[in-house]
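Report on one structure; see the data block that follows.
Nothing here was measured: the structure is a model prediction, and the numbers come from that model. Residues take their numbers from the sequence shown, with the count starting at 1.
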Amino acid sequence: MASYQAIVALLCMLAFSFFGGNNALDECVLETTLYIIQSPAQDQRPLGTDTVIINWPIKDGPGAAANTIGHAEGLTTFANHASGSWVTIMDLVFEGGSLAGSSLQVMGLHGSKNDQWSVMGGTRQLTMARGIINYNITQSTSASRTFEVYIYVYYTSL
């Protein structure tokens with residue numbers, strides 16, 4: 001029985017390498033830098049004690065003249081009072097620009113000046129996306145915070 005299973009496994013590997021050896025999931029790469037603006041008084045509302053519903057604008061540049069090309073929509077929860085970190089689960093929903101109609105599903109901690117989020121999926125042009133987002137807080141006042149986000153994801157074009 002073990003030899004039968006070994007033969008089946010070998011045949012499956014050969015078939016995969018012959019018919020799909022270039023792994024369709026790695027077909028396309030998105031590398032871009034965008035800006036997310038967090039304005040607690042305008043773009044988020046509390047849900048309970050330590051959870052906030054977010055709808056932060058995504059901009060194509062850092063300045064006031066930058067275009068809003070989407071929104072980061074989701075939840076963020078105060079996870080660790082000692083470190084001041086928040087767990088954030090959000091969709092980056094693109095409403096304008098070359099990615100209009102697409103989205104990325106993102107999750108991770110934030111609370112430090114720079115860190116990393118995981119990309120665990122995508123829709124439309126970014127189908128089956130996976131990768132990382134490195135962020136850096138470039139501006140922070142009592143009224144708002146600007147995240148410079150460097151997106152690096154693999155996805156499948158359909």
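- A 4.5 Å side-chain heavy-atom check between Q139 and S144 finds at least one atom pair inside the cut-off.
- In this structure, I37 CD1 and T146 OG1 are separated by 3.5 Å, a value rounded to the nearest 0.5 Å.
- Residue W86 comes nearest to V52 through the heavy atom pair CZ3-CG2, 4.1 Å, listed as atom of the first residue, atom of the second, then distance.
- Side chain of Q42 to backbone of A143: no donor-acceptor contact under 3.5 angstrom is found.
- There is a path of hydrophobic side-chain contacts, each under 4.5 Å, that joins F147 to L30.
- Contact of the D91 side chain with the L104 side chain is not registered, since no non-hydrogen atoms from C-beta on lie closer than 4.5 Å.
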Item to check | Full working for side chain to side chain donor-acceptor pair (under 3.5 Å) between Q125 and S157 | outcome: CA-CA 6 Å; Q125 292 177 38; S157 64; over 6 Å; no
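- Note on I36 and I133: same hydrophobic cluster, where clusters join Ile, Leu, Val, Met, Phe, Trp and Tyr whose side-chain heavy atoms are under 4.5 Å apart, directly or indirectly.
- Exactly one residue among I69, N67, T68, V149 makes a side chain to side chain contact (heavy atoms under 4.5 Å, CB included) with I58. That residue is I69.
- Residue L75 is tested with L47, T88, V87 for a side chain to side chain contact (heavy atoms under 4.5 Å, CB included); the sole match is L47.
- Linking ILVMFWY residues whenever their side-chain heavy atoms come closer than 4.5 Å, directly or via other members, places M90 and F78 in the same cluster.
- A donor-acceptor pair under 3.5 Å is formed between the side chain of N80 and the backbone N or O of A82.
- In this structure, the separation between CZ on R145 and NE2 on H110 is 5.5 Å, given to the nearest 0.5 Å.
- A donor atom on one side chain and an acceptor atom on the other are not found under 3.5 Å apart for E148 and T33.
- Using a distance-only test at 3.5 Å, with no hydrogens or angles considered, no donor-acceptor pair links the side chain of T51 to the main chain of G48.
- Closest of all the heavy-atom pairs between G61 and A66 is O-CB, 3.2 Å.
- Between Y155 and R130 there is no side-chain heavy-atom pair separated by less than 4.5 Å.
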Next on the checklist: Does W56 form a ring-ring contact (aromatic ring centres under 6.0 Å, His included) with Y35? I'd like the steps, not just the answer.
Outcome noted: CA-CA 10 Å; W56 301 333; Y35 296 83; over 10 Å; no
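- Proximity of a side-chain donor or acceptor of Q105 to a complementary backbone N or O of G122 within less than 3.5 Å is detected.
- Summarising the geometry, atom OG belonging to S85 is positioned 5.0 Å from atom CG belonging to L109; distances are rounded to the nearest 0.5 Å.
- Between W117 and I132, every side-chain heavy-atom pair lies at or beyond the 4.5 Å cut-off.
- Residues F94 and I54 fall within the same hydrophobic cluster, defined by Ile, Leu, Val, Met, Phe, Trp and Tyr side chains chained together at heavy-atom separations under 4.5 Å.
- Taking CG from L92 and NE2 from H71, the interatomic distance works out to 12.0 Å, rounded to the nearest 0.5 Å.
- Clustering ILVMFWY residues whenever any of their side-chain heavy atoms sit less than 4.5 angstrom apart, transitively, puts I89 in the very cluster that holds M120.
- In this structure, the separation between CG on D60 and CG on L34 is 7.5 Å, given to the nearest 0.5 Å.
- Between Q38 atom CD and I137 atom CD1 the span is 7.5 Å, to the nearest 0.5 Å.
- Aromatic ring orientation, Y150 versus Y152: parallel (interplanar angle below 30°, classes split at 30° and 60°).
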